[in-house]
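Quick notes on the structure that follows.
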Amino acid sequence: MPARPAPPALQSHLPEEATAAVIAWFDRSGRDLPWRHPDASAWSILVSEIMLQQTPVVRVLPRWQEWMRRWPAPADLAAAPTAEVLRAWDTLGYPRRALRLQECARVITEQHGGQVPRGLEALRALPGIGEYTAAAITAFAHHGRAAVADTNIRRVLVRTLDGHAHPGPALTAHQRALTAASLPEGREQSVRWNQAVMELGALVCTARAPRCEECPLRERHCRWFAAGRPEGTGAPARTQAFAGTDRQLRGQIMALLRKGPAGPEAIAALDPNDPERVRRCRGTLVADGLAVEIPQQPAAGAAGEAAGDTESADLAGGLRLP
DNA sequence: AACGCGGGGAA
DNA sequence: TTCCCAGCGTT
């Protein structure tokens, strides 16, 4: 059996000329986002990164402005009532992020002297900060050299270097290697590169309808464009459940609780046809720390309930924010 | 590696 | 309706 044909010569990284072109494009066309301002604090950048996890920039902007006004330092958020934090999170989605962000503020206040820690390991130890966010804070807040691999950067590098249309749902070892190899050596250049290539993915090399005519890599550096922009063999295939999911009902319950404590009838009315689903979602919200049970008040003058009744699940009361 | 976790805007 | 969005934590 003869050896398989040699793969086409892959470039595992972008030449310096290409990174310089992307940085020049960014200087010309990048958005003026407030967390990119030179005087943005490390804390404010950390907050922006958490909010931007799975939530688009345009929706984050007003919430971030309000948070920075109300809680300009970690100690401010650490001291805030959690219910207020969840209300201020509003409809950014995935409200567990808000809980983790407040926990993060408390750890920074109590264990790091109120300063966002440096180093990938110390950052990853904070609640809600994973591989991407630790690298992003290192690069954007501390101006350190770190390989940032968000969905935008992964898409740009996979298209230009691999010639594939989509990077897939998860960061792979191969993609880690691409981001590491493409990172400019100089610290300052590496920071600019991360910002620039991320922005290129957000504005030009988009998932849906890329604007290749505006791309500085189109002519000489993009394998995907050279191949005629082939669609991937398999669709992204991320079947995301829609109506009827627990996630949707959890969101509806949280919307109710943001307005104030809610009685059991109001919660049950969100899905009158499926009390079991309501019960399940109430339970997971409480378990997640996003809601608190309101104990049922025994009827005035009534005799004590049966002593053996240790489980009150059947007698669910209302819920409120923690 | 796969799954659950919100919500809104665009194709 | 579907897809996508500066992902993370758990199993």
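Letters go in sequence order (proteins before strands), and every chain restarts at 1.
- Applying the 4.0 Å criterion to OP1 and OP2 of C:dA6, one finds that A:T151 has every side-chain N and O outside that range.
- Minimum interatomic distance between A:M68 and A:S44 (heavy atoms only, all atoms of both residues): SD-CB, 3.3 Å.
- Distances from the side chain of A:P56 to the nucleotides B:dG7, B:dC5, C:dG7 place B:dG7 closest.
- Defined by atom type and a distance below 3.5 Å, a donor-acceptor pair is missing between the side-chain atoms of A:E185 and A:S190.
- Between A:W89 and A:W67, the ring centre distance stays below 6.0 Å.
- The minimum heavy-atom distance linking A:L290 with A:P322 is given by the pair O-CD, 3.1 Å.
- When rounded to the nearest whole Å, the span between CE of A:M254 and C1' of B:dG4 equals 16 Å.
- For A:R96, the side-chain atoms get nearest to B:dC5 when compared with the rest of B:dG8, C:dA6, B:dC5.
- Using a 4.0 Å heavy-atom distance criterion, A:R36 is classed as a base contact.
- With contacts defined as side-chain heavy-atom distances shorter than 4.5 Å, the pair A:R159/A:R229 does not qualify.
- Atom CG in A:L52 sits about 19 Å away from atom P in C:dC4, given to the nearest Å.
- Candidate nucleotides B:dG6, C:dC5, C:dG9 were compared by shortest atom distance to the side chain of A:T55, and B:dG6 ranks first.
- Using atom P as the reference point in both B:dC3 and C:dA6, the two lie 24 Å apart (nearest Å).
- Per the geometry, CD1 belonging to A:I137 stands 9 Å off P belonging to C:dC8, to the nearest Å.
- For C:dC8, neither phosphate oxygen OP1 nor OP2 lies less than 4.0 angstrom from any side-chain nitrogen or oxygen of A:R100.
- Residue A:Y94 contributes atom OH, which lies 9 Å from atom C1' of B:dG7 at whole-angstrom precision.
- Separation of the C1' atoms belonging to B:dG6 and C:dC5 is 12 Å when rounded to the nearest angstrom.
- Map A:V58 and A:L285 each onto its nearest nucleotide of DNA chain B; the residue landing nearer the 5' end is A:L285.
- Residue A:Q54 contributes atom CD, which lies 15 Å from atom P of C:dC3 at whole-angstrom precision.
- Contacts between residues 196-209 of chain A and DNA chain C, defined by a heavy-atom separation under 4.0 Å, are made by A:M198, A:A207, A:R208.
- In this structure, A:H166 and A:V158 have side chains that are not in contact, with every pair of non-hydrogen atoms separated by 4.5 Å or more.
- The residue A:T133 sits close only to the backbone: its heavy atoms come under 4.0 Å of sugar-phosphate atoms, none of a base.
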All N/O donor-acceptor pairs, side-chain side in residues 106-124 of chain A, below 3.5 Å, sequence neighbours left out:
from: A:R106; atom 1: NE; to: A:A78; atom 2: O; distance (Å): 3.2
from: A:T109; atom 1: OG1; to: A:A75; atom 2: N; distance (Å): 3.4
from: A:T109; atom 1: OG1; to: A:A105; atom 2: O; distance (Å): 2.7

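- Within 4.0 Å (heavy atoms only), A:W35 reaches at least one base atom of the nucleic acid.
- Within the 4.5 Å cutoff, the side chain of A:T133 has heavy atoms near those of the A:Q53 side chain.
- At a cut-off of 3.5 angstrom, counting only N and O atoms as typed in the model, there is a donor on one side and an acceptor on the other between the side-chain of A:R59 and the base of B:dG7.
- Between A:T245 and B:dC5 there is no side-chain N or O to OP1 or OP2 distance below 4.0 Å.
- If you check every strand for non-hydrogen atoms under 4.0 Å, A:I129 touches sugar and phosphate atoms only.
- Remark: P of B:dC3 and CZ of A:R247 are 13 Å apart, rounded to the nearest angstrom.
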